[in-house]
Amino acid sequence: MSGALTLDTYRLLGRSGLRVSPLSLGTMTFGADWGWGADKDEARKIFDTYLDRGGNFIDTASQYTNGSSEQLLGEFTADNRESLVLATKYTMLRRQNDPNSGGNHRKSMFASVEASLRRLNTDYIDLLYLHAWDFMTPVDEILRGMDDLVRSGKVLYVGISDAPAWQVSRMQAIADLRGWSPLIALQIEYSLIERTVERDLIPMARELGLGVIPWSPLGGGVLTGKYTRDDLKLEAAGSPEGTRKNVVAGQGALTERSLDIADVVKEVAAEIGKSPAQVALAWTLRNPGVTSPIIGARTATQLEDNLGALDVKFDAGQLDRLQQASAIELGFPHDMLNLPMTRTVVSGDLKVQGRS
């Protein structure tokens, strides 16, 4: 990454012509319904700060803070809706004891979109994600439902989040063959703590034209350095309600390994005069497959600090230390295919430059 980025250094999202900021504003923190989010006034400060700096990419979901996130965004975007790229998601259960109020199927999709449109106070959604794979709904039902929403004008683009790579690639191939709306964005967890997506999900996204939108690039806050070994004793939360610490524990982000990585992040941050959060975000931005990591700030001060990631620069030694501390094994077939012996028997001594 050469030179300093700004929020108005816009990037194309996947295989579309849609321009989005290099950091997107996550709004799972908008609303205090879950016990740890921002109230309306603070959420408004966060929103205004992001827009004032040139940001245009807003991320929410149907069930974030029980719908308060979308409702607040409906108020905040009343005067600038057309200039924003507003993304939301469907899948999560909207009513207890009603099995069809959640899931990936057409009934859930259409009902969730209608509810989101009402809360967002808009007549269209720029980007609709499938939020999480349910392992039940046929892919053609999902794709045709999404295409119908695009054709109706209620949704402009479609994407997918938290799904197996082989299902996403299969869906993209079907969409291309049938002339349905293609997926343009892939939202996945990605950070120095969670790099297993480098095995298949990120390479798949680059190959098939999906812009990667990482969530939790700070590892649930672990990479900011605010947790210690004492926090390893925390009881994991069974839902997003409660305290933020318990939620992080429930996501599996609080481990000895993640705290070891956070220690290296703090060391590098001290060397370059930046905050640990800025270092962690800047590392994620360096991946050429990444389009726009999601910032999930709870205060305007946190947001300002996070935006400082746009002008972080590392030297080779610092990058190597971050790489070594967070390294993962790619596993089969990746490791085997990269062996010198395998390369020799496949390509011989030919000097062939492959794709990265």
Side-chain angles (χ1 to χ4, degrees), residues 1-2 11 14-15 133 135 139 160-177 182-217 219 222-223 252-253 255-265 267-268 271 279-291 293 312-356:
M1 185 173 61
S2 59
R11 298 173 165 185
R15 59 193 290 182
W133 197 248
F135 295 94
V139 295
I160 192 164
S161 171
D162 304 339
W166 68 274
Q167 289 284 20
V168 178
S169 58
R170 176 186 176 208
M171 292 171 73
Q172 194 74 316
I174 292 172
D176 284 346
L177 287 171
L183 304 167
I184 67 162
L186 175 71
Q187 193 169 133
I188 52 176
E189 183 178 4
Y190 184 48
S191 71
L192 280 160
I193 287 174
E194 176 48 78
R195 294 183 57 186
T196 60
V197 292
E198 293 176 4
R199 293 172 178 152
D200 292 298
L201 282 159
I202 291 180
M204 174 209 67
R206 295 190 71 185
E207 184 75 16
L208 298 180
L210 288 84
V212 173
I213 312 298
W215 59 265
S216 201
V222 175
L223 293 172
T255 64
E256 286 281 1
R257 175 180 178 271
S258 64
L259 291 173
D260 287 343
I261 296 169
D263 288 341
V264 178
V265 170
E267 292 170 6
V268 172
E271 292 171 8
V279 167
L281 277 167
W283 178 89
T284 306
L285 274 166
R286 289 185 58 83
N287 189 313
V290 167
T291 301
V312 169
K313 293 183 175 65
F314 302 108
D315 64 32
Q318 290 160 346
L319 282 174
D320 185 63
R321 283 154 56 199
L322 292 169
Q323 167 72 21
Q324 293 302 317
S326 62
I328 60 163
E329 292 184 4
L330 292 180
F332 182 87
H334 311 286
D335 289 339
M336 183 273 287
L337 294 174
N338 284 320
L339 289 171
M341 181 183 71
T342 306
R343 289 184 175 275
T344 298
V345 299
V346 171
S347 301
D349 294 326
L350 297 174
K351 305 299 183 183
V352 180
Q353 184 175 1
R355 288 177 292 178
S356 59

query = Taking atom CG of L319 and atom CZ of R286, what is their separation to the nearest 0.5 Å?
reply = 4.5 Å
note = Taken to the nearest 0.5 Å, the spacing of L186 CG from S161 OG works out to 7.5 Å
query = D335: what forms a side chain to side chain donor-acceptor pair (under 3.5 Å) with it, not counting sequence neighbours?
reply = none
Shortest non-hydrogen contact between G289 and I202, atoms and distance = CA-CG2, 4.5 Å
Pairwise salt bridge (Lys or Arg N to Asp or Glu O under 4.0 Å) hits with a residue in residues 316-327, at least two apart = E267-R321, E271-R321
Point-to-point distance, once rounded to the nearest 0.5 Å, from CD of Q324 to CG of L322 = 10.5 Å
query = Can D200 and H334 be said to form a side chain to side chain contact (heavy atoms under 4.5 Å, CB included), step by step?
reply = CA-CA 9 Å; D200 292 298; H334 311 286; 3.3 Å; yes
Option from L192, V264, V265 for which side chain to side chain contact (heavy atoms under 4.5 Å, CB included) with V279 holds = V265
key: Separation between CZ of R195 and CG of L330, rounded to the nearest 0.5 Å   = 8.5 Å
request  = Say whether, by atom type as modelled, one donor and one acceptor occur between the side chain of E194 and the main chain of T196 under 3.5 angstrom.
outcome  = yes
remark   = Closest non-hydrogen contact found for L281 with P293 is CD2-CB, 4.4 Å
inquiry  = Using a 3.5 Å distance criterion without hydrogens, assess whether the side chain of R257 forms a donor-acceptor pair with backbone atoms of S326.
reply    = yes
key: Pairwise side-chain contact, Q318 with D315, heavy-atom cut-off 4.5 Å (strictly under)   = yes
key: Non-neighbouring partners of E329 that pass salt bridge (Lys or Arg N to Asp or Glu O under 4.0 Å), sequence neighbours left out   = none
ask   = Can you tell me if Q172 uses its side chain to pair, donor with acceptor, with the backbone of L208 under 3.5 Å?
value = yes
ask   = Which heavy-atom pair separates I261 from A325 by the least distance, and what is that distance?
value = CG1-O, 3.4 Å
note = Rounding to 0.5 Å, atoms OG1 (T344) and CE (M341) come to a distance of 9.0 Å
key: Nearest heavy atoms of A175 and P182, plus distance in Å   = CB-CA, 4.2 Å
Distance-minimising heavy-atom pair for L210 and L183 = CG-O, 3.7 Å
ask   = What is the minimum heavy-atom distance between M204 and A165, and which atoms define it?
value = SD-O, 3.1 Å
query = Considering only heavy atoms from C-beta outward, does the side chain of E207 approach that of S169 to under 4.5 Å?
reply = no
message = Just to verify, what does R199 make a side chain to side chain donor-acceptor pair (under 3.5 Å) with, not counting sequence neighbours?
response = none
key: Residue list, side chain to side chain donor-acceptor pair (under 3.5 Å) with T342, at least two apart or on another chain   = none
task = Apply side chain to side chain contact (heavy atoms under 4.5 Å, CB included) to R343 and list each qualifying residue two or more places apart in sequence or on a separate chain.
result = N338
query = Excluding sequence neighbours, so at least two apart, what forms side chain to side chain donor-acceptor pair (under 3.5 Å) with W215?
reply = D162
Within residues 189-213 or reaching into it, pairs that qualify as ring pair (Phe, Tyr, Trp, His ring centres under 6.0 Å) - sequence neighbours excluded = Y190-W283
query = Under the side chain to side chain contact (heavy atoms under 4.5 Å, CB included) test, which residues partner T291, sequence neighbours left out?
reply = R11, L13, V20, I213
ask   = Side chains of I160 and Q167: does their closest heavy-atom pair fall under 4.5 Å?
value = no
